[in-house]
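Chain identifiers are assigned alphabetically (A, B, ...) following the order of the sequence lines, protein sequences preceding nucleic acid strands; residue numbering begins at 1 within each chain.
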Amino acid sequence: MGDIKWDELLNREQLIGVTTTEGPVLILAGAGSGKTRVLTHRVAYLMQQKGVAPYNIMAITFTNKAAREMRERVLSIGGVGADAVWVMTFHATCVRILRRFGDRVGYDNDFTIYDTDDQKALMKQIIKKLNLDPKKYKEKFFLGKISSAKDELISYADYALRFGSDPTEQLVSRVYREYQTALSDNNAMDFDDLIFKTVELFKQEPEVLNHYQSRFKYVMVDEYQDTNTAQFEFVRLLAAAHHNICVVGDDDQSIYRFRGANIHNILNFEEHFENATVIRLEQNYRSTGMILDAANQVIKNNENRKDKTLWTDNPRGDKVRFRQFDNAYEEAEFIALDVKSKNRNRDAAFSESAVLYRTNAQSRILEEKFLNENIPYRIVGGVNFYQRKEIKDMLAYLKTVASGKDDLSVRRILNVPKRSIGNTSVEKIAAYGDANGLSFYEVLERAGEIQTLGRSAAKIKLFVDLISELRADAEDLTVPELIRDIMERTGYGRELEAEGTDEAMARIENIDELISKAVIYTEDHEEDEATLTGFLEEVALVADIDNVEENPDYVVLMTLHAAKGLEFKNVYMAGMEDGLFPSGMCVFGDDPEELCEERRLCYVGITRAREFLTMTSARSRMIRGELQYSAVSRFVKEIDTSLMDGDVYEPGAKKSQDMVIDRRGFGRDNAESHSRRKAAMTAPTIYEVQAKSIASSSGKEPLSYDVGDRVRHMKFGEGVVLSIEDGGRDYEVAVDFDGKVKRMFAGFAKLEKVST
DNA sequence: GTGCCTGCTCACGGG
DNA sequence: GAGCAGGCAC
């Protein structure tokens, strides 16, 4: 493996980036300039040329997808041992560290992770508890304040000191304290805590910091322009001993200011780290000259940039197309038909096309048209799979089975499905817990002692018994088996089946998909490692973007934010209207930096395209149920007309020849397409292909064995089938393994007949 | 305690 | 357009 010809694989600057291994390095990498290439080769170079142990190398990314891609590439060029390199997201890295040392900052090492919905639910309780007017104070307000504080490493104690005089800020600091205490009581951390607590750990426990400093002698950070103060501090502490820190980023692609990203981290890198080497990657290998020029013309309107000019050797290519339509329906129809014709002409396969937009709300109409035209598509984002009610319910059951310490989960499922335990009882239980320092579940366990509960106590006992039974089952079941078990024992599945509506069926499909994910999880891990907590952790850290599969022939629809880091041969930027993109908030706001951020987002969008770029806008569009008329986005006008096909200023921009607008088409929403659309809205959008194949293999197929047959189970060995019951969606089989009777679902047990 | 209806609010982006 | 709190009847 030592025969890599580094100088043939890399251009001059890339080579410097790869081989400057010692000391701080800042790589300013323009869009499409091969930054992932540099990072992965750098890892390989460290191992092969410098003899650095893989164990000593860490590469941090923002998304799981980026981590996975980099990991794959490191494995393929890095050779033996490369799997010991830590290639992970910030969040996953911190979780890993906190699972080991979390007890030093006041958490059990099996803490749970709260997502946005959990945070909201918890905040709601706190607003109630503090008797605040929920009309006046929204959860989002406090959560936003708290999140920004945590991004800046401000604890609630610091917050009180810092903003003490202002009454509103005083209230925030009080809420912050309550919120943090509640999290800690629930043994839970939110996303921001993961970073915050790790930094706290490093600062409080020099021994721990030392351990990681001497382990990770070489630290690399991808998308550095998106780091916030907490992440910066994490990286700084890690690298403080050896200074071998290499960061890659592009200030022009910083689009996460709203999430606390601090652009000064990259702009001031040379001040933060002394004697830094700065490398500029300015050759773009991705886009045509035309597209790149357009991108440069837009971004040059921003001030305070690191000075750089992106260039390319690629052919000039086609002009950037611009089309304006009367409304969003025509816009969507044009895009759908164009995608189709590009696919037909072999210009771009479906999988090579992507539609990008500013807001998720825009996806609906596009989706409708794509369905009408029978174009395979996939929407990334929108309602996250893991935010769906039924998925959250199942996860809450799993969490409760796993620990019961998380009050939020227990409360969520106590009356789901309906057990006639209403709000009044819940309030009483919570009050009793608060008064006696017990967790919600602990109170449930001793419900009999609480007089005021009356007849609810008996119902609560049934619930506690149910959880105990599930816990007993969990001992022998794999995670997917456990989910099925929960569906059965709680009656959740039966209730949905009884409902029988399209929506209920879609919910069942979603749960099936969760089961398939669990199957994939168990298959990916050794038997001992495939634990329930492990599964819950993996699930807590996934984002929708992580699930875009590249191979299947689908058009991808997503927000511009989600598109960062991806590239497509053929890109549409829809909704290029002032007020939508750039968004109204920044057009009328007084913060010029916000407009700059929007412009960077536009730059990100343009540079996703390799060969074809089409921008579209609508003269009118429904926003919040109101018809809004907008002018063409200023960003479109920033592109020189010599690069454009289509007139930005003329009303009624010309229509493409392959474009046939069927006006009746707008009302063509017959019953069939309507139900299809509805199904598509609620149906799984992720892992669809795998889910289908697994679902059919785990579905109710005729069994190859019967009562009395001898069968083999992967884990338990051979046994005799005692009974087979119709468990609704699957058969429930009881098998006697040498006197130990196990009940299992046929679809997952995968029993093989040995003899009759 | 549950189910249904209504009216209100909210909508930028996401780990 | 959608989700949710609040009010009401049962």
*Would you classify A/F62 as touching base, sugar-phosphate or nothing, given that sugar-phosphate means primed atoms plus P, OP1 and OP2, and contacts are heavy atoms under 4.0 Å?*
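Sugar-phosphate only.
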*Determine the contact category for A/T89: base if any of its heavy atoms lies under 4.0 Å from a base atom, sugar-phosphate if only primed atoms, P, OP1 or OP2 are that close, otherwise nothing.*
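No contact.
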*When you match A/F258 and A/K459 each to their closest nucleotide on DNA chain B, which lands nearer the 5' end?*
A/K459
*asked:* Can you work out whether A/N415 or A/D151 has the more 5'-proximal nearest nucleotide on DNA chain B?
replied: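 Looking at DNA chain B, the more 5' nearest nucleotide goes with A/N415.
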Within the pair [X] and [N], is there a side-chain N or O less than 4.0 Å away from OP1 or OP2?
X: A/N360; N: B/dG13; result: yes
X: A/R259; N: B/dG13; result: no
X: A/T63; N: B/dG15; result: no

Taking the minimum atom-to-atom distance to the side chain of [X], which one of [options] wins?
X: A/K418; options: B/dG1, B/dG3, B/dG15; answer: B/dG3
X: A/S420; options: B/dG13, B/dG14, B/dT2; answer: B/dT2
X: A/K140; options: B/dG15, B/dA11, B/dG13; answer: B/dA11
X: A/T116; options: B/dG15, B/dT2, B/dG13; answer: B/dG15
X: A/S425; options: B/dG1, B/dG13, B/dG15; answer: B/dG1
X: A/K138; options: B/dT2, B/dT9, B/dG15; answer: B/dT9
X: A/H561; options: B/dG13, B/dG15, B/dT2; answer: B/dG13

Side-chain donor-acceptor pairs under 3.5 Å in residues 195-202 of chain A, sequence neighbours left out?
unit_1, atom_1, unit_2, atom_2, d
A/T198, OG1, A/L194, O, 2.5

_All side chain to side chain donor-acceptor pair (under 3.5 Å) counterparts of A/R259, not counting sequence neighbours_ =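 Partners of A/R259 under the side chain to side chain donor-acceptor pair (under 3.5 Å) test: none.
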*For A/S155, check side chain to side chain donor-acceptor pair (under 3.5 Å) against everything at least two apart and list the hits.*
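Expected list: A/D158.
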*Quick one: salt bridge (charged side-chain N to carboxylate O under 4.0 Å, His left out) partners of A/K459, sequence neighbours excluded?*
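Result, salt bridge (charged side-chain N to carboxylate O under 4.0 Å, His left out) vs A/K459: none returned.
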_Partner set under salt bridge (charged side-chain N to carboxylate O under 4.0 Å, His left out) for A/R608, not counting sequence neighbours_ =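 Expected list: none.
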Distances under 3.5 Å only, N/O to N/O: pair up the protein atoms with those of nucleotides 3-7 of chain C.
unit_1, atom_1, unit_2, atom_2, d
C/dA5, OP1, A/K124, NZ, 2.9

*Could you tell me whether A/D326 and A/R619 have a side-chain N and a carboxylate O separated by less than 4.0 Å?*
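Yes.
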*Does a salt bridge link A/D578 with A/R634, judged by any charged N lying under 4.0 Å from a carboxylate O?*
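Looking at A/R634 together with A/D578, the answer is yes, because their closest N to O distance falls below 4.0 Å.
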*Under the 3.5 Å rule, do the base of B/dG15 and the side chain of A/D115 count as making a donor-acceptor pair?*
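Not at all, since no donor on one side and acceptor on the other fall under 3.5 Å apart.
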Send over the distance from [X] [atom1] to [N] [atom2], rounded to a whole Å.
X: A/L595; N: B/dG13; atom1: CG; atom2: P; answer: 18 Å
X: A/Y357; N: B/dG14; atom1: OH; atom2: C1'; answer: 14 Å
X: A/E594; N: B/dG13; atom1: CD; atom2: P; answer: 14 Å

*With A/R99 as the cation and A/F111 as the aromatic partner, state whether NZ or CZ is under 6.0 Å from the six-membered ring centre and within 45° of the axis.*
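Yes, a cation-pi geometry.
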*What do you reckon, do A/F90 and the base of B/dG15 stack, with centroid distance below 5.5 Å and planes below 30°?*
no
